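Since the structure comes first, as structure tokens, the remarks are kept for the end.
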Amino acid sequence: MGDLFLVRHGETEWSRSGRHTGWTDVPLTEHGRQEARRLAPLIRSHHIGAAFVSPLRRARETAELIGVPDARVDADLREWDYGGYEGVTTPEIQRTRPDWFLFTDGVAPGPPEHPGESPEQVGERADRMLAKVDAALCDTEGVVLLVAHGHFLRVLTARHLGLPAGRGALFQLATGTLCRLGTEHGRPVVAGWNIRPPS
């Protein structure tokens, strides 16, 4: 079977300032567009058997700029629902919750349409997405590509490796980068992380 490629969308104003960006549909900055365009040659050098993208426009625009405009939109790839912490930075949260950590504590409740997710709930979505990836890898030649968001892809990586969702904390993920998950001796491994083309 082929490998799984992960692309985090390019920079947005909110990612640059550290604001938690779940469902808010923030566009890419020009720098974020440049990050995505620089990835295109890396993507083109592989046969993409199947591609999936988050419904949010920062991910969809990234998919277009890296050369996969026909990626299948999948709601399971959306970013963590940050609930009451949407648009808030970690230092701001820690003013009232000094020991708060997203990957263990989750988020404060939000409005009914965006109540927030626990790490375990994000892990359940990641598991559903990985089942779709496995099916695609069995049905196609080449790699499967996911274009999505930083915290979600970190949780997905943890689940791919058989770790609890909260262990996604171990995988810092920069905007506009490519990561590669593969196998070695039949076991899942991280084969490349935060890959950018040479400047």
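In what follows, every heavy atom counts, from backbone to side chain, and hydrogens, waters and symmetry copies are set aside. As the structure is a prediction and not an experimental result, all values here were calculated from the model.
- Cluster annotation: Trp14 is not connected to Ile93 through the hydrophobic network of ILVMFWY side chains, with a link wherever side-chain heavy atoms come within less than 4.5 Å.
- Between Leu153 atom CG and Met129 atom CE the span is 10.0 Å, to the nearest 0.5 Å.
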Could you check Glu35 against Arg196 for side-chain contact (heavy atoms from CB on, under 4.5 Å), going step by step and ending with a plain yes or no? CA-CA 9 Å; Glu35 287 181 317; Arg196 285 192 172 106; 3.4 Å; yes

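- Note: the hydrophobic cluster containing Leu130 also contains Leu6 (ILVMFWY, side chain heavy atoms under 4.5 Å, direct or indirect links).
- The line from NZ of Lys132 to CG of Asp76 is 3.5 Å long, rounded to the nearest 0.5 Å.
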Determine, stepwise, if the pair Ser54 / Glu79 fulfils side chain to side chain donor-acceptor pair (under 3.5 Å). CA-CA 8 Å; Ser54 161; Glu79 180 59 296; over 6 Å; no

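- Thr62 places a side-chain N or O within 3.5 Å of a backbone atom of Gly10 that can act as its donor or acceptor partner.
- Judged purely by atom type and a 3.5 angstrom limit, His47 uses its side chain to pair as donor or acceptor with the backbone of Glu141.
- Taking each heavy atom of Ala158 and Ala165 in turn, the nearest pair found is CB-O, 4.2 Å.
- Here the CG-CG distance, from Asp134 to Leu4, works out to 9.0 Å after rounding to the nearest 0.5 Å.
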Between Val53 and Val73, does a side-chain contact (heavy atoms from CB on, under 4.5 Å) hold up when you go through it step by step? CA-CA 5 Å; Val53 64; Val73 175; 3.8 Å; yes

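- The side-chain heavy atoms of Pro119 and Val155, taken from C-beta on, include no pair separated by under 4.5 Å.
- Using a 4.5 Å heavy-atom threshold, the side chains of Ile66 and Leu178 count as separate.
- Cluster annotation: Val144 is connected to Phe152 through the hydrophobic network of ILVMFWY side chains, with a link wherever side-chain heavy atoms come within less than 4.5 Å.
- Take Arg60 and apply the salt bridge (Lys or Arg N to Asp or Glu O under 4.0 Å) test, not counting sequence neighbours, and it matches no residue.
- In this structure, Arg78 contributes its side chain and Ala75 its backbone to a donor-acceptor pair below 3.5 Å.
- Applying the ring pair (Phe, Tyr, Trp, His ring centres under 6.0 Å) rule to Phe52 yields no partners; only residues at least two apart in sequence or on another chain are considered.
- Here CG of Leu161 is found 10.0 Å from CZ of Arg159. Values are rounded to the nearest 0.5 Å.
- One hydrophobic cluster, built from ILVMFWY side chains closer than 4.5 Å, cannot hold both Phe5 and Val189; they sit in different ones.
- What you find for Ala174 and Arg8 is that their closest heavy atoms are O-CD, 3.4 Å.
- The CZ atom of Arg33 sits 12.0 Å away from atom NE2 of His31, with the distance rounded to the nearest 0.5 Å.
- Pairing each heavy atom of Ala51 with each of Ile48, the nearest pair is CB-CG2, 4.1 Å.
- Proximity of a side-chain donor or acceptor of Ser15 to a complementary backbone N or O of Thr12 within less than 3.5 Å is detected.
- Here the side chains of Arg58 and Thr21 are in contact, with some heavy-atom distance below 4.5 Å.
- Contact record, Leu65 with Ala36: CB-CB, 3.7 Å, taken as the closest heavy-atom pair.
- Counting heavy atoms from C-beta on, the side chains of Val88 and Tyr82 never come closer than 4.5 Å.
- Side chains of Val7 and Val68 form no contact here, defined as non-hydrogen atoms less than 4.5 Å apart.
- Clustering ILVMFWY residues whenever any of their side-chain heavy atoms sit less than 4.5 angstrom apart, transitively, puts Leu145 in a cluster other than the one holding Leu181.
- From Leu77, atom CG reaches atom CG of Leu146 across 5.5 Å, with rounding to the nearest 0.5 Å.
- In plain terms, the two heavy atoms of Arg97 and Asp105 that are nearest each other are NH2-CB, 3.7 Å.
- The local environment of CZ in Arg167 is sparse, with at most 12 non-hydrogen atoms from other residues, nucleotides or ligands closer than 6.0 Å.
- Judged purely by atom type and a 3.5 angstrom limit, Thr183 has no side-chain atom pairing as donor or acceptor with the backbone of Gly186.
- Remark: the backbone N or O of Thr24 is paired with a side-chain donor or acceptor of Glu86 at under 3.5 angstrom.
- The environment of Glu30 atom CD is dense: over 12 non-hydrogen atoms of other residues, nucleotides or ligands sit within 6.0 angstrom.
- Taking a 4.5 Å side-chain heavy-atom cut-off between Ile, Leu, Val, Met, Phe, Trp and Tyr, the cluster of Leu56 contains only that residue.
- Sorted by first then second residue, the ring pair (Phe, Tyr, Trp, His ring centres under 6.0 Å) pairs that include residues 86-142, not counting sequence neighbours, are His20-Trp100, Trp23-His114, Trp80-Phe103, Tyr85-Trp100, Phe101-Phe103, Phe103-His151.
- Using a 4.5 Å heavy-atom threshold, the side chains of Leu173 and Asn194 count as touching.
- The ring pair (Phe, Tyr, Trp, His ring centres under 6.0 Å) check on Trp193 picks up Phe171, with sequence neighbours excluded.
- Applying the salt bridge (charged side-chain N to carboxylate O under 4.0 Å, His left out) test to residues at least two apart or on different chains, the pairs with a partner in residues 16-25 are Glu11-Arg16, Glu13-Arg16.
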